[in-house]
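A short worksheet on the structure shown next.
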Amino acid sequence: MGFENKEQDATVRPLDASKLKYTFTTSPRDVPNPTIACAADETVCTDHMIQAEWNAATGWSTPELKPYGALSLMPTASCLHYATECFEGLKVYRGYDGKLRLFRTEHNAARLRMSSNRISLPSPEIEQLQELLHALVSVDGAKWLPESQPGSFLYLRPTIIGTQPTLGLRASKNAILYIIMGYMAPVGTIPGGMKLLTSPEHMVRSWIGGFGHAKVGANYGPSVAASHDAGKDGFHQILWLYEKECTEAGGSNFFVVWRREDGKKELVTAPLGDRLILDGVTRRSCLELARERMADQLEITERKFTIDELLDAHANGRLLEAFAAGTAWFITPVSHIRHRDHDIHIPLGGQSDGGEVTAAIKGWLGDIKYGRVEHPWAVVVPERIA
Ligand SMILES: *Cc1c(COP(=O)(O)O)cnc(C)c1O
């Protein structure tokens, strides 16, 4: 028995980034004007993508870096019917010192493993995923995120989809991992701040026992209706409530700074324990930086807090700041929250970077990502010059 297992294991190949095969494009595209590219209806991606196929019996194929282009799937592919799909979102930053940096990719890789596992797809090793991210950035970075544009970024989207062409509902025996990189509008600064509308009474984004903590596509498509409606009234995101608990602001985590009833100043965000929210890399970084650098000024707390507590703090002048935190939105100060017929207005402080705490955290994170300071969270990616 033991022998048989061993033999079987030997034939199931792990993902091996060191074997990455390079097939360079023969029709490189022009780099577009970033503003136009961000506004386009089709996301503009770089010249190349990375792809690897997985099969339950044989494991991973040799990963390949190849020209960006369409996938080929059978109409019966598992992901098209049962949402066997998960993804990650991270950015590569062009620093003010001219270098390219990736930020804490081990956490994105770990989260992709967790999300993939949640939908019965394979979980490639963290280091292999990191190495593939570096490879794509290394090949397309110099051209698509030129040194002449410090302070800019490109968005990376690692994705795993179940591709077994079987309509029977079961764990997909085939999957594709791919990594693409493209333009995404910079939304870190909204003039006048971010406006949030609480979720409609009849809707939740996630629930106890559900999968709100996983970045699986199934969490996102159904949330669009609420944010679309909110957008028509001038709101940027939904503040998702669970019962009365404040959980997340659209696709980003949500933080509040207030003075508690006992007079203490507190930075608070929803906890991870009940798996309602995403374990954001930005969230984690905000908490770690605040604990390291602001613990003498305020308490830093992960706990449940309700919209009623928020309304009460506002009514009593104790609500100081609120912000959304995520890769896409970076750190965006929140200026207005509407809950049913109540409006909460939050002062943004002098600048559009929000109040003291918000602005400090945003500044520190920006400095790390764009290389204004050296920090272990931001890793320089060597560039392959074509
Ligand atoms: C991706 C995501 C976040 C933010 O996570 P980061 O790792 O900080 O980008 C927060 N909430 C939801 C629902 C998300 O999908």
Side-chain angles (χ1 to χ4, degrees), residues 83 85-93 101-116 118-119 126 129-130 133 153-160 179 181-182 184-188 194 196 198-199 203-207 210-227 230 236-242 245-256 269-290 302 322-332 334 358 361-362 364-366 368-369 377-378:
E85 189 270 359
C86 62
F87 63 95
E88 268 307 313
L90 63 163
K91 288 174 177 172
V92 52
Y93 303 90
R101 283 180 180 77
L102 282 165
F103 183 77
R104 309 192 83 178
T105 54
E106 65 278 18
H107 294 294
N108 294 98
R111 195 168 63 189
L112 186 66
R113 278 170 64 83
M114 177 275 292
S115 300
S116 189
R118 184 67 187 77
I119 47 176
I126 291 175
L129 290 167
Q130 288 180 284
L133 287 165
F153 63 82
L154 288 172
Y155 184 79
L156 283 143
R157 173 53 64 90
T159 309
I160 303 180
I179 306 174
M181 178 160 81
M184 160 85 85
V187 284
M194 183 186 261
L196 299 175
T198 56
S199 43
M203 263 189 211
V204 290
R205 189 196 85 91
S206 60
W207 50 89
F211 42 88
H213 64 296
K215 233 173 164 70
V216 294
N219 276 322
Y220 299 86
S223 77
V224 172
S227 31
H236 301 100
Q237 293 273 358
I238 296 288
L239 177 58
W240 288 101
L241 304 181
Y242 182 73
E245 293 162 28
C246 300
T247 61
E248 298 197 72
S252 40
N253 294 113
F254 178 63
F255 286 77
V256 170
T269 195
L272 301 175
D274 52 13
R275 299 183 149 198
L276 286 175
I277 65 162
L278 248 280
D279 178 0
V281 181
T282 319
R283 173 189 181 280
R284 169 193 299 263
S285 304
C286 291
L287 290 170
E288 289 176 18
L289 286 176
E302 295 165 74
F323 63 90
T327 297
W329 291 87
F330 190 29
I331 305 293
T332 306
V334 172
T358 310
I361 292 176
K362 183 172 181 174
W364 291 330
L365 271 178
I368 294 171
K369 292 177 170 183
W377 290 349

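For ligands, and for the atoms within them, numbers begin at 1 and follow the listed sequence. Bear in mind that the values here come from a model prediction, so they are computed numbers and not experimental data.
- Residue contact check: R205 has heavy atoms under 4.0 Å from atoms 13 (C) of ligand 1.
- Residue contacts with ligand 1: R283 is placed with no nitrogen or oxygen under 3.5 Å of a nitrogen or oxygen of the ligand (distance criterion only).
- At the top of the distance list for atom 8 (O) of ligand 1, counting protein heavy atoms only, stands T282 OG1, 2.6 Å.
- With a heavy-atom cut-off of 4.0 Å, N253 touches ligand 1 through backbone and side chain alike.
- The backbone N or O of I277 sits nowhere less than 3.5 Å from a side-chain atom of R205 that would complete a donor-acceptor pair.
- With a 4.5 Å cut-off on side-chain heavy atoms, M184 and T327 do not count as touching.
- When all heavy atoms of A324 and V334 are compared, the closest pair comes out as N-CG2, 4.0 Å.
- The distance criterion of under 3.5 Å between nitrogen or oxygen atoms is not met by G250 with respect to ligand 1.
- Any N or O atom pair closer than 3.5 Å counts here, and T327 shares at least one such pair with ligand 1.
- Ring-plane geometry between W329 and H236 is classed as perpendicular, the angle between the planes exceeding 60 degrees on a 0 to 90 degree scale with a lower cut at 30.
- Each of the atoms 10 (C), 11 (N) of ligand 1 lies under 4.0 Å from some heavy atom of S252.
- The closest side-chain donor-acceptor pair between S285 and R104 falls under 3.5 angstrom.
- Contacts between K215 and ligand 1 below 4.0 angstrom, taking non-hydrogen atoms only, involve the side chain exclusively.
- Remark: E302 engages R283 in a salt bridge, criterion side-chain N to carboxylate O under 4.0 Å.
- Looking at S115, its side chain does come within 3.5 Å of a backbone N or O of K215 through a donor-acceptor pair.
- Looking at S206, its side chain does come within 3.5 Å of a backbone N or O of L276 through a donor-acceptor pair.
- In the candidate list G326, G280, G251, G251 is nearest to atom 3 (C) of ligand 1, counting heavy atoms.
- Listed for the E248 side chain is a donor-acceptor partner under 3.5 Å among the backbone atoms of L278.
- By heavy-atom distance, the residue among E248, R284, H213 lying nearest atom 10 (C) of ligand 1 is E248.
- The shortest separation from a heavy atom of E88 to ligand 1 is not under 4.0 Å, leaving the residue out of contact.
- Considering backbone and side-chain atoms alike, R111 places an N or O below 3.5 Å from some N or O of ligand 1.
- The single protein non-hydrogen atom nearest to atom 15 (O) of ligand 1 is Y220 OH, 2.5 Å, given as residue, atom name and distance.
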